[in-house]
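Here is the structure we will look at, set down as structure tokens.
Since the model is a prediction, treat every value here as computed from it, not as a measurement.
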Amino acid sequence: MSGVRAVRISIESACEKQVQEVGLDGTETYLQPLSMSQNLARLAQRIDFSQGSGSEEEEAAGPDGDAPDWGGAGADQDDEEGLVKFQPSLWPWDSVRNNLRSALTEMCVLYDVLSIVRDKKFMTLDPVSQDALPPKQSPQTLQLISKKKSLAGAAQILLKGAERLTKSVAENQENKLQRDFNSELLRLRQHWKLRKVGDKILGDLSYRSAGSLFPHHGTFEVIKNTDIDLDKKIPEDYCPLDVQIPSDLEGSAYIKVSIQKQAPDIGDLGTVNLFKRPLPKSKPGSPHWQTKLEAAQNVLLCKEIFAQLSREAVQIKSQIPHIVVKNQIISQPFPNDKKSQKCATEKPGQEDHLYVLEHNLHLLIREFHKQTLSSIVMPHPASAPFGHKRMRLSGPQAFDKNEINSIQSTEGLLEKIIKQAKHIFLRSRTAATIDSLASRIEDPQIQAHWSNINDVYESSVKVLITSQGYEQICKSIQLQLNIGVEQVRVVHRDGRVIMLSHQEQELQDFLLSQMSQHQVHAVQQLAKVMGWQVLSFSNHVGLGPIESIGNASAITVASPSGDYAISVRNGPESGSKIMVQFPRNQCKDLPKSDVLQDSKWSHLRGPFKEVQWNKMEGRNFVYKMELLMSALSPCLL
């Protein structure tokens with residue numbers, strides 16, 4: 001067997017965990033292994049602190065290592081002591097208790113010594129002079145010194161890396177400041193159209209690609225910036241590229257649309273500044289040439305629009321000719337009204353800004369360019385041209401001259417702006433008229449509900465005339481006002497249509513007549529509710545004084561018993577007049593008649609008597625009329 005090579009065999013327990021329980025199905029439940037703290041507590045329980053150490057036993061045994069034999073009595077005594085030494089403790093923590101007791105004893109002794117020294121009654125301590133021994137370096141000190149050396153080496157490595165990073169960042173910043181001309185030219189080409197003509201690089205500022213026909217060339221030149229000294233410190237806003245724009249496109253420009261009124265009733269309606277921009281300031285991160293080119297392009301656009309408007313102002317045939325003076329176009333859309341279309345020389349003031357008009361004008365300008373771009377006629381055969389079919393017919397079904405002109409006529413930019421200004425002016429005038437009547441006349445009340453969805457050239461408002469407290473029974477006057485460019489179309493509740501001009505006096509007179517008719521209609525509805533009989537009703541009375549505004553309305557109602565009658569006449573200017581007719585038997589001052597001798601004639605109603613309407617109690621006209629009818633109605637109790 002000596003020739004056979006030895007084989008190492010690793011022997012380990014078959015199961016590391018002890019089995020706690022085996023189930024009926026064969027599953028085994030294991031006990032969890034003890035943690036390090038639990039294992040330490042288990043081992044501490046097995047230590048017997050009362051047993052001496054092995055070194056003490058060896059010293060007692062002698063230098064030869066053999067214990068002296070003192071006879072049988074000594075051996076028996078050692079056996080008894082051994083039995084005492086190895087006597088097991090009564091409970092697991094008995095040794096710990098003994099050690100804590102000994103520590104407490106030592107602490108009490110130390111406390112007594114310190115108290116004696118502190119009081120200095122029985123004992124004093126004097127320092128003993130001795131030579132200072134060289135400090136011994138403990139293992140902890142050596143370990144701290146080694147750690148310091150290691151940290152110092154790591155710090156040197158980090159400092160060297162930081163210096164390299166700082167140098168690389170500085171080099172990158174220098175490269176960023178000293179950008180290449182070609183890279184900057186590439187950025188410029190991404191935003192603007194460029195072309196090379198000879199040894200020059202030219203750009204385009206015009207809107208020809210969007211459909212513009214303005215004859216200005218709108219070109220700018222790209223040059224290299226050589227005004228900087230590379231030996232000195234390069235400024236942060238340095239750019240190796242610069243642009244040169246034409247002198248007539250430098251500065252700033254904007255178009256101002258102002259709607260003004262000469263009469264002092266409602267004053268100026270508002271002002272719109274189109275394409276007005278603040279002073280050019282470079283945005284953070286954007287090159288300076290971008291701001292410069294945008295400002296120049298804005299000036300070119302304003303010049304193009306103003307030239308188109310000036311051309312149309314001269315070509316349009318209007319009742320009142322348009323005035324073009326320098327950089328100003330003045331149009332007078334309505335008689336005695338003045339509207340300044342373009343004015344770039346006035347100083348901006350605290351004026352009302354019409355945002356809706358500004359938005360519409362921007363849309364008009366975009367639409368104008370789009371029409372110019374899409375006005376190219378597509379190729380088509382001469383025998384079958386494109387267009388409406390009726391334009392190629394003859395006879396009674398063909399278009400007449402007016403219809404053909406209406407199809408072929410196209411409105412210019414100035415005409416559309418004037419139409420929008422007319423509509424805004426008429427809308428503001430209508431709103432001011434309604435508001436003035438509502439604030440001036442308390443009875444009846446007038447309410448205006450404006451629609452939020454309107455057209456560019458048309459707006460609508462619903463006008464309700466009601467009496468306070470009687471809104472449910474007095475709903476006869478409901479008007480729909482469609483405000484156009486030059487006229488106001490009024491639609492009644494019953495479908496009648498009335499056309500009013502742009503004069504606010506017509507609208508005011510019409511609303512006053514409708515408010516006068518509302519009072520009479522309210523008496524009619526109130527009579528139906530209270531059981532009175534309507535004898536006569538008329539919206540246009542032909543008798544009595546003539547009204548300067550509209551016509552007067554009248555109604556006559558009788559009480560349920562027929563004894564009393566009330567006659568109401570209401571005019572827009574004359575106001576209300578109420579007459580009451582009493583029975584003859586209640587008229588004491590009525591002269592006796594020789595003809596009417598029979599008593600049955602005494603039940604007829606006598607003459608009318610006027611009611612002092614101003615002395616009647618009540619908050620409005622309908623409430624006073626209700627009190628009057630209640631006083632004249634018979635008691636049914």
Within-4.5 Å side-chain heavy-atom neighbours: I330 and V325: no

Flag side-chain contact, heavy atom, 4.5 Å: N454 against I483: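 No, side chains not in contact.
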
Is it the case that [X] and [Y] place a side-chain donor and acceptor less than 3.5 Å from each other?
X	Y	answer
N570	S553	no
S467	H518	yes
Q308	R311	yes

Are any side-chain N or O atoms of [X] and backbone N or O atoms of [Y], one a donor and one an acceptor, separated by less than 3.5 Å?
X	Y	answer
E506	S501	yes
K292	V243	yes
E471	G469	yes
N298	A253	yes
Q244	E221	no
H423	G484	yes
S310	F306	yes
D443	F621	yes
D509	I549	no
E547	E573	yes

Where [X] and [Y] come nearest, the two heavy atoms and their spacing:
X	Y	answer
L426	V485	CD2-O, 3.9 Å
I329	A313	CG2-CB, 4.1 Å
C474	A522	SG-CB, 3.6 Å
L293	L205	O-CD2, 3.8 Å
I418	S331	CD1-OG, 3.5 Å
S460	N482	CB-OD1, 3.7 Å

Would you say [X] has more than 12 foreign heavy atoms packed within less than 6.0 Å of its [atom1]?
X	atom1	value
K303	NZ	yes
Q190	CD	yes
L186	CG	yes

Sequence neighbours excluded, every pair satisfying ring-ring contact (aromatic ring centres under 6.0 Å, His included) that has a member inside residues 450-492: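 Of all non-adjacent pairs touching residues 450-492, those that pass ring-ring contact (aromatic ring centres under 6.0 Å, His included) are H492-F510.
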
Proximity of F425 and H502 rings by center, below 6.0 Å: no

Among V520, V523, T556, the one residue meeting side chain to side chain contact (heavy atoms under 4.5 Å, CB included) with F537: V520

Chi angles and distances behind the side-chain contact (heavy atoms from CB on, under 4.5 Å) call for V541, N551: CA-CA 7 Å; V541 179; N551 296 321; over 6 Å; no

D248 vs H216, side chain to side chain donor-acceptor pair (under 3.5 Å): CA-CA, chis, key distance, verdict: CA-CA 10 Å; D248 56 343; H216 196 284; 2.7 Å; yes

